[in-house]
Amino acid sequence: MPRFLREFFNRNGTMMGSVMLGLVLFWTIGLIILPQLSMLDFSFRPNLPPPEIGGPKDVYTLENYKYLIYGPEGGSQDYNAVDLRVFFRTLVAAVCVTLFNLILCYPIAYYLGQTKGNHIRIFALMLIIPYWINEILRAFALRIIFGESGVLNTMLVGLGIFDTPFDFIRNDIALYAGLGYAYILLMIFPIYNVIESLDHNQIEAARDLGAPWWRIHKRVVIPYAKPGISSGCTMVFMLSAGALAAPQILGGPSSLWFTQLIYQQFNDNSDWPQGAAYAIVLLVTCILLVLAVMRLFKVNMGDIGK
Amino acid sequence: MSAGVGVDLENLWIRFGDFVAVRDANVHIKGGDFFSFLGPSGCGKTTILRAVSGFLDPSEGNVLIGGNNMKGIGPNKRPTALIFQNLALFPLMKVWENITFSMEIKGASAAERRKRADELLDMIALPGQGDKLPSELSGGQRQRVAIARALCAEPHVLLLDEPLSALDLKLRQHMRTELREIQQRVGITFIYITHDQGEALTMSDDIAVMRAGVIDQIGDGKTIYNDPATAFAASFVGENNVFRGKVLEVNGDEALIRTNRSGDLRSRISTANLGKMNVGDDAMMFIRPEALSLAAKGATGDNFVTAQVTHEEFEGNSFNIFMEGDGGKEIKVAIPNHGQSFDDHTGQAMTLEYEVANAVVVPAGELAAE
Ligand SMILES: Nc1ncnc2c1ncn2[C@@H]1O[C@H](COP(=O)(O)OP(=O)(O)OP(=O)(O)O)[C@@H](O)[C@H]1O
Ligand SMILES: [Mg+2]
């Protein structure tokens with residue numbers, strides 16, 4: 001038995017240790033890994049009607065993946081331009097949402113983490129309470145704000161800033177705002193957590209040695225907060241790339257999110273293998289992207305858990 | 001290295017809401033001095049230092065550095081460098097980067113910084129340790145790195161907030177000498193904060209004794225120790241025996257005190273209170289344990305004290321006798337040990353003798369907590 005396992009059992013007792021270990025294993029293997037493996041399996045099979053499943057036509061194939069790149073066989077175009085454009089647009093948009101969130105949340109997290117007093121709790125509570133409302137309602141609330149005759153347009157036109165209502169939805173502004181807002185907490189709290197443990201004397205020491213505020217952040221606060229920043233960014237990026245409700249409700253009619261394509265394959269076309277292939281491509285690309293960025297900024301995997 | 005400049009506090013008040021942390025402080029610190037603020041925990045020492053370094057705006061009064069009023073000048077623009085109570089080294093930077101942080105801000109090249117770091121590392125006796133992280137150093141080494149980091153900024157005034165308090169006794173005593181040496185070598189003004197009177201006495205040119213936001217006395221170590229201005233200064237700095245009473249007579253710089261339990265005793269009036277003590281005033285008289293000696297049994301006079309011995313202890317360099325004193329406090333007598341035999345006196349009444357010049361009387365006031 002490896003040492004960490006022995007220590008684990010010594011600390012918790014054999015009985016309790018087995019229960020805990022069993023639950024964790026069930027959770028990771030039973031609820032996460034096995035379903036994903038079955039999706040992986042799906043993605044390599046043709047879409048067959050139920051009687052033919054397990055029949056001679058049920059063989060492994062790459063056709064679902066080819067479809068994303070080349071489109072339907074014998075189609076008019078060389079590439080599946082529509083789906084590919086949606087795919088890359090989703091990734092780029094998710095990166096933008098993540099960066100936007102980081103820029104917005106870092107100052108908030110810094111303020112929360114380095115200020116003392118009771119008002120900080122009230123501030124944090126005010127951030128949390130909106131999340132008691134379910135995601136769909138929140139998205140519709142944003143629709144009300146950003147809609148053609150919504151609060152924002154009424155105000156802007158009323159104040160004479162715009163002559164005619166601006167279409168926030170068609171221009172995807174509502175979508176970015178919705179996605180950004182949906183994951184704000186996932187960005188703020190990891191950063192807040194690390195910054196809270198940063199000794200305020202370090203900031204004062206840097207200031208005392210002559211550093212202007214931006215250099216204090218560059219050299220002292222951000223390096224210290226890096227684990228929190230990377231874990232916040234990873235979560236926000238993964239979740240916004242994989243979001244469905246916000247794009248469905250707030251997205252413009254012409255702009256699909258890649259998850260919506262996946263959803264269509266599963267639901268409208270009943271083409272599970274095709275949907276699974278799309279989902280796997282999205283998942284793997286996101287993971288690779290995150291790993292590449294982590295490498296670029298020299299973040300360790302262990303830091304993400306902090 | 002830059003020469004030290006003077007620091008003045010003029011009618012300095014610092015309030016936090018209704019709470020007065022510093023009350024009307026007036027201090028003149030000469031350039032190039034090692035100046036200590038000595039006082040118990042919570043008396044406002046750090047607060048004063050933060051006002052000098054610029055992290056805190058005085059509620060009233062002025063901070064002058066080198067004669068210039070510092071009002072409105074931020075901590076990054078003052079010619080001071082602060083060494084924090086917990087050092088506050090940057091944990092993610094290497095030692096040499098820590099030390100030369102102030103140069104990095106001014107845009108010095110890496111090569112220049114490296115060179116300066118090596119010089120400073122030599123000075124603090126840590127040659128070749130520049131590439132370590134602060135967490136890889138011992139407490140005393142970290143201490144020295146913090147000093148080097150502050151000195152690298154070439155401050156005119158170095159501010160030190162109990163920098164030795166985290167170290168163990170041996171190292172603390174060693175660092176005292178080292179700090180004093182560094183100060184003399186670089187020649188800049190050091191303002192040192194401590195609640196340890198030993199540190200203050202051994203290192204300082206001048207000391208300010210603080211009590212609950214008020215500066216009780218400013219003077220060199222000998223003055224503070226031998227000629228305290230207040231009951232607090234007398235009881236906080238070093239060990240002291242207190243005799244409470246009322247002034248019976250004043251003759252020039254001496255007074256006769258009618259003590260509550262030890263009869264009438266004669267004492268010198270502390271310099272700061274000459275001419276201010278009148279017959280009938282409540283007074284406190286102080287005699288150090290080492291200024292008392294055993295006298296012939298039953299001797300009487302106005303420099304003899306007779307009391308019951310409660311217990312005795314042997315401290316190595318001295319035999320300590322404890323006797324019933326005034327107000328629940330014991331009188332402590334320290335008899336130097338030079339190999340003589342020493343009888344147990346517990347339970348006996350003993351008579352003590354002192355020289356009037358070694359007793360000092362001040363107006364009655366608050367005593368330091370034990
Ligand atoms: N920001 C603040 N707000 C309110 N009160 C404060 C603040 N800073 C300090 N005080 C109070 O001012 C008094 C003096 O504090 P200070 O930190 O100067 O003490 P100190 O002499 O340095 O003590 P120590 O030796 O324990 O460090 C204390 O009673 C403290 O509670
Ligand atoms: Mg303090």
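Keep in mind that what you see is a predicted model, and the values were worked out from it rather than measured. Reminder, nothing fancy here: chain letters follow the sequence lines and each chain counts from 1.
- Judged by distance alone, the side chains of B:Gln141 and B:Arg144 never bring a donor and an acceptor atom under 3.5 Å apart.
- Using cut-offs of 30° and 60° on the angle between ring planes, the pair A:His217 and A:Tyr110 is perpendicular.
- Only the side chain of B:Leu92 comes within contact range of chain A, with at least one heavy atom under 4.5 Å from a heavy atom of that chain.
- In this structure, no portion of B:Leu87 lies under 4.5 Å from any heavy atom of chain A.
- For an aromatic pair to be called close, the ring centres must be under 6.0 Å apart, and B:Phe190 with B:Phe35 fails this.
- Proximity to chain A (any heavy atom under 4.5 Å) is shown, for B:Gln85, by neither the backbone nor the side chain.
- Inspection of the B:Thr194 and B:Glu199 side chains reveals an N or O donor paired with an N or O acceptor under 3.5 Å.
- Comparing A:Pro212, A:Pro223, A:Ala206 by how many heavy-atom pairs each has under 4.5 Å with chain B, the most go to A:Ala206.
- Of the atoms belonging to A:Asp199, it is side-chain heavy atoms, and not backbone ones, that fall under 4.5 Å from chain B.
- If you measure heavy-atom distances from B:Arg78 to chain A, you find no contacts under 4.5 Å at all.
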Run the side-chain donor-acceptor check on residues 95-102 of chain A: report pairs under 3.5 Å with partners two or more places apart or on a different chain.
{"residue": "A:Thr98", "atom": "OG1", "partner": "A:Ala94", "partner atom": "O", "Å": "2.6"}
{"residue": "A:Asn101", "atom": "ND2", "partner": "A:Gly180", "partner atom": "O", "Å": "3.3"}

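- Between A:Tyr192 and A:Tyr106, the distance separating the two ring centers is not shorter than 6.0 angstrom.
- Using modelled atom types, one finds no donor on one side chain facing an acceptor on the other under 3.5 Å when comparing A:Tyr224 with A:Gln202.
- Of the residues considered (A:Asn201, A:Leu209, A:Ile203, A:Val220), A:Asn201 shows the highest number of contacts with chain B, using heavy-atom pairs under 4.5 Å.
- Both the backbone and the side chain of B:Ala81 have a heavy atom closer than 4.5 Å to some heavy atom of chain A.
- With a threshold of 4.5 angstrom between heavy atoms, B:Phe90 approaches chain A through its backbone and through its side chain.
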